[in-house]
Each structure stands twice: as structure tokens, then as C-alpha cells.
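Structure, as C-alpha cells:
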Amino acid sequence: MIEEENKLIKRRIEKLEEIKALGIDPYYNGFSPEYFLNDILNKYKDIDSEKLKSINTNFKIAGRIISIRDFGKAAFLKLKDVSGTLQVYCQKNVLGEQYALYKKLDVGDIIGIEGNVFKTKTQEVTINATKLHLLTKSIRPLPEKFHGLQDKELRYRQRYVDLIVNDDVRETFFKRSKIIALIREFMINNKFLEVETPMLHKLVGGAAAKPFVTHLNALDIDMYLRIAPELYLKRLVVGGLERVFEINRNFRNEGMDLKHNPEFTMMEFYCAYKEYNFLLDFTEELFDYLLNNLDLGKKITYGGLEIDFSRPFKRIKFIDALKEIGELTDDIISDKDQCLKLALQLEKKVDENTSHAKILAELFDALVEPKLINPTFVTHYPVEISPLAKKNKQDPLFTDRFELFIANMEIANGFSELNDPFDQKERFIKQLEERNKGDEEASMYDEDYIVALEYGLAPTAGEGIGIDRLVMLLTNNTSIRDVILFPLMK
RNA sequence: GGGUCGUUAGCUCAGGCGGUAGAGCAGUAGCCUUUUAAGCUAUUGGCCGCAGGUUCGACUCCUGCACGACCCA
């Protein structure tokens, strides 16, 4: 990479050599800062500049140089570290011999500074450098100081550069970290146990999706990257870990767009002795917890939409949503041929072999989902497309299941878990039939999971929440790539 | 998968009835010890995404490809 013919890089490598010639190690690692830059700023921003002169304010700090304003015999440098930025003043008559080192520095270099705090004419807290340490010479020029890095492709591919120059990106990922920490806190407060289950699966299950295939050399077998942790988490409930959750990656071999990345983060949790109604309230509580702790209030703006999280969220049955929001009639909904015709008109990938329920789900995606802005629980999904959910007592064609939609995105999916091993066996067989008909997203038959159910799964409610999409909502990013540090790029 | 648009200096962007390209920042040389996108003077820097075609001549027009963004599915 370095051999590239770039004059700016060449010049920086020359400076590197000149620094070595001065007897200085350009990658010296014996210096450790005592404070974050923001700590110094906060400590002194409200202290009078006269008073500053009378107190001892000698500090060791470090950071990357993000700007230099040079006056010949003095200069202002702006340093940046993980906490923020702080200005440093370098004067020739103070630094003496070390001023020669200063003259070899560039924007992008990482330096350590020892010096005293003072305030400039404009009252900016600044460190007057008495000692300068070069910690890392940077030989690649950073993007322009004013516009930063705009090229989306470069930003995703070279996220490290994006993070150096674009503060809003840093904020998004700080916030992502905080959101996940809050979720974890909320779950643990509610007596859930955090667990980790396998990423490498021998069978595909727990969701409707095409898997990634990989190979295990030791056993010479193909394996699948998991599409969901569901079946393992429920095995743990069988094992008596009555409340479990996992925040981790799932992999689905599907298209990529603003809402889909092939690997994405989900939280799944299972709670014994509860049913799906509990999950609706629990999910609302989780949102409350997040919004409160992030100081977002009840209404947020997302991509130009106003979203109202006031409780209770709207609740509507799947079929009612098709009627009231999708504007379909009972006659159409109950007639598979008419549904198929309509789905084909909407250019959905369906054919005669597609089940009635799956066609309805496609119609829902096309006609209802685009209209769901405020948080909405859609409940009672058809049993054929809910192979792991318990049937509804009143109407066994439907299940005790819901999905939560916000801003036209599916955010969560939960249900009363099917714990009848005989029923589960039949559903698996139905899935196999769908698979044989060509549905590559249908699940496989998981014999051991049936055995686990035969030992007895307590009545359990379970839910998955898409963390990336949740972060999108709470950080006002309309592309999933903007909430994933290293999104998949071709 | 389909459509639209984009790809020009390290970065951010202009430009062109077809005649080998410009600015700001960055860099370099100089002046400047309280700047805030510091200022002033001078100046270096380009396979105009890749490949082919049309043409006396292509960075510009045409075709294909790659990568990306957005829209649709």
C-alpha cells in the first residue's frame, strides 16, 4: 500500500526519516496520558483565567492532531481523543529544542503533551505545551478538515477514517453501545440470565430464512451459520433456566438493502410461565426504559416521520390489519386464488405452490407494513407461517403471536411458545413439505428439539428484537449500514 | 433481480457545442507568538473508475464492465 505514488505520503515518509535522524522514535510507546481531553476541558472551563495562573495545572495528555494553525514561532494544535477535543499551544521559546520536532508533525499524528492549562483571549481552555512526545507518526493524509469524508463507500470500507473525522458517526456508535447496555441492564433487572448459544448449526431452524453454509473439516460435514438462536434458547428453558436472553449475531443469506445486512444483531429472550400478552407489555416497558434513559421523550423524529411511543401501542389482529389498513375484503382474504392474483400484480415472488398464509404475509408486507408508522403490535398470525408458536385457543388457524412494527420496519416478533411435542412434530413435518415444494426458507426437522419438548417445556413466552433496526430508530439513521461499524460491502 | 444517477488531485467539489482540465482544503517555500474552516504571498500535484468503439483527435459521444448511492421488486 505504501508504495503508492502519492506525493503527500512520500513527504510524510521523508519526515518520518527526518524524525528518526533526530534520534526520536516515531512510534514511541512509553508515554501514558493521565486524563481524557474532555476531563480537562470540563474541569477548567468555568475557572477564571486569572485564577488559572495561580494554581498548579500540569497535565499529561495525548491524542491525534486534527488541526494545526501555525504562526511560525508558535502554533495551535487541536487534539482529539475518545472523549473529545482539546487545544494545545506550542511556543518555540517554551519548547526550545523540541520545536524542531513540532515542525515535523502533521495533521493525523498522535502525540503526547505535558503542559499547563490556560485560557486564550476567546476563553478556550488550552494546554500550553512544555514537553512534546511523538507517539505515532501518521503517513496518510486525513480527509479535508471542513467537509470530512463524504464518500459513502469509503466511509463504510474505511470506517476508521470515518470515525476519526465524522463526529456524528462516533456518536451513533457510542449510542448503540449505550442502547445495548441498557437492554442488558433491563433484562438483568428482570431476572433474565444472559447466555450464549451456538453460531454453527447442523440444522436450520428458528426462523424462515436461507442460511449460509460452511464446512467443518474435523467432521467433514457442512454446517449452517445460525439464522436464529431460538431452538437452543428454548432447550435452556427446558433445562430450568426459566428466563434467558441472548444478544448476538444472526446470519441470513438474503438481499441487502436499507433495512437488511446479511449479519445482524438480535436479542432473543424467553420467559417461562408467561404468554404472549405479557410480551406486549414487557416490550412497551423496555421501550420506556430506553427512551427515558436516552432522554428522548415519548415522541421521536425518524427520517422525517414523527413517532409516538405513548403507551399502550396500537394492537391489531393480522387479518384485521389486512382489512382495515390493507383495505382487503373478507372475500379476497379467504380466497387463495384471488390472493395469489393480487400478490402477482404486486410483483411478489409467489406461485401456486405458495401456501395461502404465506401469500397473505406477502400481501401484508406490500399493503400494511408501509402504513405502520407509530408502534403497532400486529397479533394472531396464521399458523402455517408460525411453525413454533402456540395455536390460539379460540381459533386454531391462528397463533398467539405478534410482530411489532415501527416506522415501516419489523422490529420485534414474539409468541407463546409451542410446547406440545406432538403438535411441534406435525409443524416440522409441514415445514419439510414446504421445503420439498421448493421453499428454501422452511425449517428442517430437529429431532433433538422434539426430544427436549418431550421432557417438557414450561409454558413460555419468547421474543426477538432486531437491535440494528432499534438503533436506527433511536439514532435517526435510515440505513442499517450507518449503525453497523463494518457493514458488508461487495 | 430491474430502473435512475454517480465515479475528475490525498479530501470536498466545479467544468466541458469533442481540441490533453480548475477551485478550496491538504502539501511545499516564505512572513507571522492568542488562532477558531486563522491570514498574506508564491507554488507542486491528475491514466478525468476500467475496457472497447466512433473520430484526424475522447476526460467529454456510444457500448460493455466494476464499484457505489437512491428508487422499485
Side-chain angles (χ1 to χ4, degrees), chain A residues 1-2 4-16 18 41 49 52-53 65-80 85-96 99 102-109 115-130 138-158 160-162 164-167 210 253-260 303-304 342-351 362-363 365-367 369-370 408 477-482 487-490:
Chain A
M1 283 294 149
I2 283 168
E4 281 172 37
E5 300 251 329
N6 180 304
K7 297 262 162 55
L8 299 180
I9 293 177
K10 272 189 181 160
R11 179 58 194 132
R12 283 176 176 231
I13 293 173
E14 278 169 29
K15 284 184 183 172
L16 182 80
E18 289 161 14
L41 191 66
S49 61
L52 270 176
K53 289 173 190 165
I65 302 172
I66 56 163
S67 77
I68 298 176
R69 283 187 277 274
D70 188 293
F71 293 86
K73 295 188 184 67
F76 288 99
L77 313 184
K78 191 139 275 181
L79 292 195
K80 185 175 195 174
T85 62
L86 189 68
Q87 182 165 261
V88 171
Y89 192 41
C90 291
Q91 295 176 94
K92 191 174 183 181
N93 62 353
V94 174
L95 283 170
Y99 207 68
Y102 158 71
K103 282 292 183 187
K104 306 282 180 213
L105 296 181
D106 289 294
V107 170
D109 291 352
N116 305 297
V117 176
F118 76 105
K119 278 186 169 177
T120 63
K121 277 180 187 169
T122 53
Q123 299 305 304
E124 178 161 350
V125 175
T126 303
I127 297 259
N128 187 25
T130 52
S138 164
I139 58 171
R140 277 185 190 268
L142 285 175
E144 199 220 6
K145 59 186 168 189
F146 188 55
H147 298 94
L149 188 64
Q150 299 291 329
D151 186 301
K152 286 236 173 195
E153 181 173 2
L154 280 180
R155 291 179 57 185
Y156 298 140
R157 288 187 196 278
Q158 293 186 282
Y160 42 93
V161 179
D162 194 26
I164 291 169
V165 298
N166 292 327
D167 284 336
K210 287 186 215 168
N253 209 340
E254 296 164 347
M256 296 157 59
D257 60 38
L258 288 179
K259 298 174 189 173
H260 297 84
L342 185 54
L344 289 169
Q345 274 169 21
L346 294 163
E347 298 184 56
K348 288 289 180 184
K349 282 178 199 156
V350 289
D351 56 47
E362 294 285 352
L363 292 177
D365 283 352
L367 302 172
E369 187 177 309
N408 315 319
N477 278 297
T478 52
S479 168
I480 198 167
R481 286 182 158 178
D482 289 324
L488 191 109
M489 300 291 282
K490 198 169 176 182

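Note that this is a predicted model, so its numbers are computed, not measured. In what follows, chains carry the letters A, B, and so on, assigned in the order in which the sequence lines appear, proteins first and then strands, with residues in each chain numbered from 1.
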Legend entry - Pairing nucleotide - B:U35, Watson-Crick or G-U, each distance under 3.5 Å: none
Legend entry - Which residues share a ring pair (Phe, Tyr, Trp, His ring centres under 6.0 Å) with A:Y102, sequence neighbours left out: A:Y99
Legend entry - Separation of atom CD1 in A:I9 from atom P in B:A9, rounded to whole Å: 14 Å
Inset, instruction - Establish, from distance only, whether the side-chain atoms of A:H147 and A:Q150 form a donor-acceptor pair under 3.5 Å. - result: no
Legend entry - Verify stack between A:F76 ring and B:U35 base, 5.5 Å, 30 degrees: yes
Legend entry - Any-strand Watson-Crick or G-U partner of B:A29, both distances under 3.5 Å: B:U41
Legend entry - Spacing of A:L8 atom CG relative to B:U44 atom P, expressed in whole Å: 15 Å
Legend entry - Shortest side-chain distance from A:T120, nucleotide among B:U12, B:A69, B:U36: B:U36
Legend entry - Nucleotide nearest A:L149 (side chain, heavy atoms from C-beta), chosen from B:C11, B:A69, B:A37: B:C11
Which pairs, protein N/O on one side and nucleotides 70-73 of chain B N/O on the other, fall under 3.5 Å?
unit_1 : atom_1 : unit_2 : atom_2 : d
B:A73  : O3'    : A:L346 : O      : 2.9
B:A73  : O3'    : A:E347 : O      : 2.1
B:A73  : O2'    : A:E347 : O      : 3.0

Inset, instruction - Keeping the roles fixed (side chain from A:T122, backbone from A:T120), state whether a donor-acceptor pair exists under 3.5 Å. - result: no
Inset, instruction - Go through B:U35, B:A26, B:G24 for me and flag the one nearest to the A:K121 side chain. - result: B:U35
Legend entry - Side-chain (A:N166) to main-chain (A:L149) donor-acceptor, under 3.5 angstrom: yes
Inset, instruction - Name the pairing partner of B:A23, where a pair is Watson-Crick or G-U wobble with both distances under 3.5 Å, or state none. - result: B:U12
Legend entry - Approximate separation, where rounding is to 0.5 Å, of A:N408 CG and A:L258 CG: 12.0 Å
Inset, instruction - Using Watson-Crick or G-U wobble geometry with both distances below 3.5 Å, tell me the partner of B:G1, or none. - result: B:C72
Legend entry - Position toward the 5' end of RNA chain B (nearest nucleotide), A:Q123 or A:Q150: A:Q150
Inset, instruction - Kindly say whether A:E153 contributes a backbone atom to a donor-acceptor pair with the side chain of A:D151 at under 3.5 angstrom? - result: yes
Legend entry - A:K490, nearest nucleotide to its side chain (from B:C67, B:G27, B:U33): B:C67
Inset, instruction - Would you check if the side chain of A:K103 reaches a backbone N or O of A:G72 as a donor-acceptor pair within less than 3.5 Å? - result: yes
Legend entry - P-based separation of B:G1 from B:U44 [nearest Å]: 48 Å
Inset, instruction - Could you let me know what B:A51 is paired to, Watson-Crick or G-U wobble, both distances under 3.5 Å, or none if it's on its own? - result: B:U63
Inset, instruction - Rounded to whole angstrom, note down the C1' distance from B:C25 over to B:A9. - result: 12 Å
Legend entry - Same-atom distance (C1') from B:U63 to B:C70, integer angstrom: 24 Å
Inset, instruction - Take atom C1' in B:C56 and the same atom in B:G15, then report the distance between them in whole Å. - result: 25 Å
Inset, instruction - Return no unless some side-chain N or O of A:R12 is found under 4.0 Å from OP1 or OP2 of B:G27. - result: no
Inset, instruction - Could you pull out the closest heavy-atom pair between A:G115 and A:T130, with the gap in Å? - result: CA-OG1, 3.7 Å
Inset, instruction - Find the distance A:I139:CD1 to B:G27:C1' and express it as a whole number of Å. - result: 15 Å
Inset, instruction - For A:K119 and for A:R157, locate the closest nucleotide of RNA chain B by heavy-atom distance; then report the residue assigned to the nucleotide nearer the 5' terminus. - result: A:K119
